[in-house]
Amino acid sequence: MALKLYNSKTRTKQDFAPIDPARVRMYVCGPTVYDFAHIGNARPVVVFDTLYRLLRLNYGADHVIYARNITDVDDKINARAREENVPIADITARTTDQFHADMAALNALPPDVEPRATGHIAQMIAMIESLIARGHAYAADGHVLFHVPSMPDYGRLSGRNVKEMLAGARVEVAPYKRDEMDFVLWKPSDDQTPGWNSPWGYGRPGWHIECSAMSLAHLGETFDIHGGGIDLIFPHHENELAQSACANGPGTFAKFWMHNGYLMVDGKKMSKSEGNFRTVRQLLDKAPGEALRLQILSTHYRQPFDWTDAGTREVKTVLDHWYRLVDGVTADAADIPATVRAALEDDLNTPLAIAEMHRLAHAAGQGAPDAARQLRAGGEFLLGLFGMTADQWLHWQPPGKALDEAAIQARIDARIAARKAKNFKEADRIRDELVAQGIQLEDGPTGTLWKVLS
RNA sequence: GGUGACGUGGCGGAAUGGUUACGCAGCGGAUUGCAAAUCCGUCUAUCCCGGUUCGAUUCCGGGCGUCACCUCCA
């Protein structure tokens, strides 16, 4: 079955055919590194990681190139460095490390290239020069601005009507702008703010130009997929598209635009003032990263997602079950279940894919060995699950908390002895004692196993 | 004010012009010394009002409601 993807540009589901099957190119907007990644940052990473895995399967791992940037020059970073009174590089290095660790915990593969904005200043300057030369940008008052009326198609990607937007605009217009909609490509820096020398003086790039410059540098003028959150469609992606298409020529840039839906927490927009702000780091204290991953995938990527703790508990229960079924089972690519794969190939229908996984789990639970292999293959090769053993999974503890497994085993042995002596009162007492510590015992045919209650 | 998305059973969540997914929870059973785990069985749904149709949850119109964007945001 052919891969179909919803293209935000055309607002339809289309058959995906790469420009060059030997080099399938995907660019996803990565984080601005100034603080811990929140669960809203994790959604596009997990969604596009799932797509990345599927593309690698379809075209070969060596024929897919996935670029996800790190934006390490931004006024939010500058503000944070000032607050903490540390060098900017400290903030960006620390936050980048945290981001990598958190995304790895979610079983997200690292991208093939991870360009940094500060490493591409020269490319940004070159692109700005090209925009000026082509009449799409102008220098004014130390700034360089993109002239929006120079691009007739502006607003098409995000479905905005420029005139209507201006009618409802609440922003003050800077005096140096020729048009209210014009946006900054380059802006001046003072001594306290990071900057680089440029034809327009000492300064730093505007928000959108880094993605245009980096996608060009690593993927070329035209590439296959551009992804990110729907909140970025305006102004970020609209402006990226404007810059790139005007600098490189009409018709260049991404063939497919993909946007994941918004993320809410407990039914509301996540924000610090609402008290429902969740970092990935905080959530990894409640459940293993794979559970968070499956939770993210349990809603179709284009739908709004409502994050709840109850949802986390539910996927944890599901994975407890699946892990038991695939324990000791090995699978190879031949076991990849066609049903799960077909669901993913239909615009990444992960909820349907998970439903097909449940069907396999049902069959595996009845003792079908091929179903167990397919379940494992579906998790391992498609959804990015089963990265640990069943024991590791069932014994999982939040980072920093270590269980004394030897002590638990000693209690289990004592209980086995009591049971052999038919002293059930003592056996039950030991079991209750362990339950009070969050340890659940399971008497099976091969002996007594235990798991951590969640 | 402008724009967009969404409204499916207790909860999560797909699909579909007609045959009422799937999971979690609940309930009943098997199993177990009792549990847990596992297996079997099982109840509950398509926001409201019109229209098109032999038939709509699905298409069209209206209404109500929720969320978001238009300013930093994944």
Side-chain angles (χ1 to χ4, degrees), chain A residues 8 11 28-32 34 37-48 68 71 74-76 79 155 158-172 207 227-238 259-264 267-271 294-308 310-318 320-322 324-325 343 346 349-362 364-367 394 418-419 422-425 427-428 431-432 434-435 439-445 448-451 453:
Chain A
S8 303
R11 291 164 200 264
V28 174
C29 287
T32 299
Y34 70 104
H38 57 69
I39 190 64
N41 301 119
R43 170 123 102 142
V45 171
V46 169
V47 164
F48 291 105
R68 188 182 64 210
T71 295
D74 181 274
D75 287 349
K76 287 194 291 289
S158 57
R160 315 261 160 162
N161 178 305
V162 175
K163 282 179 187 167
E164 280 175 2
M165 286 177 59
L166 287 173
R170 286 176 269 160
V171 263
E172 280 186 43
W207 174 28
I230 187 70
D231 55 310
L232 289 180
I233 199 168
F234 190 88
H236 184 57
H237 289 163
E238 193 71 55
H259 293 97
N260 61 271
Y262 291 104
L263 187 127
M264 299 181 293
K268 291 191 171 171
K269 179 180 179 174
M270 178 169 67
S271 73
L294 187 63
Q295 188 174 0
I296 288 169
L297 295 178
S298 68
T299 293
H300 183 82
Y301 77 93
R302 284 193 280 121
Q303 295 287 92
F305 191 107
D306 188 15
W307 189 274
T308 63
T312 307
R313 285 191 292 274
E314 185 175 329
V315 289
K316 175 68 166 54
T317 302
V318 167
D320 283 354
H321 189 197
W322 287 0
R324 288 186 163 98
L325 291 169
D346 185 10
N349 191 339
T350 52
L352 185 58
I354 291 168
E356 297 298 348
M357 289 285 281
H358 281 302
R359 289 196 173 90
L360 291 172
H362 180 71
Q366 289 178 318
L394 295 170
R419 287 181 73 204
K422 302 273 184 214
N423 186 353
F424 294 122
K425 204 177 161 186
D428 290 353
R431 188 173 62 199
D432 292 344
L434 286 169
V435 167
I439 304 298
Q440 176 70 57
L441 298 189
E442 295 172 13
D443 297 327
T448 296
L449 305 174
W450 59 274
K451 74 163 178 177
L453 290 167

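Lettering follows sequence order; numbering is per chain, from 1.
In this structure the side chain of H38(A) never reaches within 4.5 angstrom of the side chain of L263(A), judged on heavy atoms. Counting heavy atoms from C-beta outward, D346(A) and L352(A) have side chains that stay 4.5 Å or more apart. Residues I296(A) and W307(A) have side chains in contact (heavy-atom distance under 4.5 Å, counting atoms from C-beta outward). Under the 4.5 Å side-chain criterion, counting only non-hydrogen atoms from C-beta, T448(A) is not in contact with E442(A). Y262(A) has its side chain out of reach of K269(A): every pair of non-hydrogen atoms, C-beta onward, lies at least 4.5 Å apart. Using a 4.5 Å heavy-atom cutoff, the side chains of N260(A) and F305(A) are not in contact.
Looking at heavy-atom distances under 4.0 Å, L263(A) makes contact with a base. Within 4.0 Å (heavy atoms only), N349(A) reaches sugar-phosphate atoms of the nucleic acid but no base atom. Within 4.0 Å of H38(A), counting heavy atoms only, lies at least one base atom of the nucleic acid. Using a 4.0 Å heavy-atom criterion, one finds that G40(A) contacts the bases of the nucleic acid, with or without backbone contacts as well. When heavy atoms are screened at a 4.0 angstrom cut-off, K422(A) is found touching no nucleic acid atom at all. R324(A) comes within 4.0 angstrom of the backbone, heavy atoms only, and of no base. Counting non-hydrogen atoms under 4.0 angstrom, H362(A) reaches the backbone sugars and phosphates but no base. The residue G311(A) sits apart from the nucleic acid: no heavy atom pair falls under 4.0 Å.
Atom CE in M264(A) sits about 8 Å away from atom P in C67(B), given to the nearest Å. Atom CD1 in I230(A) sits about 11 Å away from atom P in C6(B), given to the nearest Å. Atom NE2 of H300(A) is separated from atom C1' of C22(B) by 17 Å (rounded to the nearest Å). With rounding to whole Å, D231(A) atom CG is found 9 Å from C69(B) atom C1'. One interatomic measurement links the two molecules: CH2 of W322(A) to C1' of C22(B), which rounds to 10 Å at whole-angstrom precision. Per the geometry, CE belonging to M270(A) stands 18 Å off P belonging to C72(B), to the nearest Å. Rounding to whole angstrom units, CG of residue L232(A) and C1' of A68(B) are separated by 14 Å. In this structure, Q440(A) atom CD and C34(B) atom C1' are separated by 12 Å, rounded to whole Å.
In this model, a side-chain donor or acceptor of E314(A) finds a partner on the base of G23(B) within 3.5 Å. No hydrogens or angles were tested; on distance alone, a donor-acceptor pair under 3.5 Å links the side chain of R431(A) to the base of A35(B). At a cut-off of 3.5 angstrom, the base of G33(B) holds at least one donor-acceptor pair with the side chain of D428(A).
For the C1' atoms, the distance linking A21(B) with U8(B) amounts to 12 Å, nearest Å. Nucleotides U3(B) and A45(B) have their C1' atoms positioned 32 Å apart, rounded to a whole Å. Rounded to a whole angstrom, the distance from the P atom of G4(B) to that of G9(B) is 27 Å. The gap from the P atom of G61(B) to that of A5(B) amounts to 13 Å, rounded to the nearest Å. Straight-line distance between the C1' atoms of G17(B) and C60(B): roughly 13 Å, to the nearest whole Å. Spacing between U57(B) and G51(B) at atom P, rounded to whole Å, works out to 14 Å. Rounded to whole Å, the separation between the P atoms of C40(B) and A25(B) comes to 15 Å. Of the C1' atoms belonging to G23(B) and G18(B), the separation is 26 Å, rounded to the nearest Å.
Y34(A) OH: 12 or fewer foreign heavy atoms inside a 6.0 Å radius.
In this structure, the nucleotide among A5(B), A68(B), A21(B) sitting nearest to the side chain of Y262(A) is A68(B). Of the listed nucleotides (A74(B), C22(B), A14(B)), A14(B) has the atom at the smallest distance from the side chain of Q303(A). Side-chain proximity of Q366(A) to C22(B), C40(B), A5(B): nearest is C40(B). In this structure, the nucleotide among A14(B), A74(B), U38(B) sitting nearest to the side chain of H321(A) is U38(B). Across A37(B), C72(B), G23(B), the shortest atom-to-atom separation from the side chain of K269(A) is found for C72(B). Looking at the side chain of K451(A), the nearest of the listed nucleotides C69(B), A37(B), G33(B) is A37(B). In this structure, of C70(B), A36(B), A21(B), it is C70(B) that holds the atom nearest to the side chain of F234(A). With distances taken from any side-chain atom of T317(A) to the nucleotides A25(B), G33(B), A14(B), the minimum falls on A25(B). Comparing A74(B), A68(B), C22(B) by their nearest atom to the side chain of R359(A) picks out C22(B).
Of the two residues near RNA chain B, D306(A) and L325(A), the one whose nearest nucleotide lies more 5' is D306(A). Along RNA chain B, the nucleotide closest to K425(A) and the one closest to E356(A) are compared, and the more 5′ of them pairs with E356(A).
Of the listed residues (S158(A), C29(A), S8(A)), just one forms a side chain to side chain contact (heavy atoms under 4.5 Å, CB included) with H237(A), and that residue is C29(A).
The distance from the CD1 atom of I439(A) to the CG atom of L453(A) is 7.0 Å, given to the nearest 0.5 Å.
In terms of phosphate contacts, T299(A) brings a side-chain nitrogen or oxygen within less than 4.0 Å of OP1 or OP2 of G13(B).
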Q) What pattern of brackets, bars and dots sums up RNA chain B from 5' to 3', given Watson-Crick or G-U wobble pairs under 3.5 Å, [ ] for crossing pairs and | for another strand? A) (((((((..(((.....[...))).(((((.......)))))....(((((..]....))))))))))))....
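Salt bridge D320(A)/K316(A): present, at least one basic N to carboxylate O contact under 4.0 Å.
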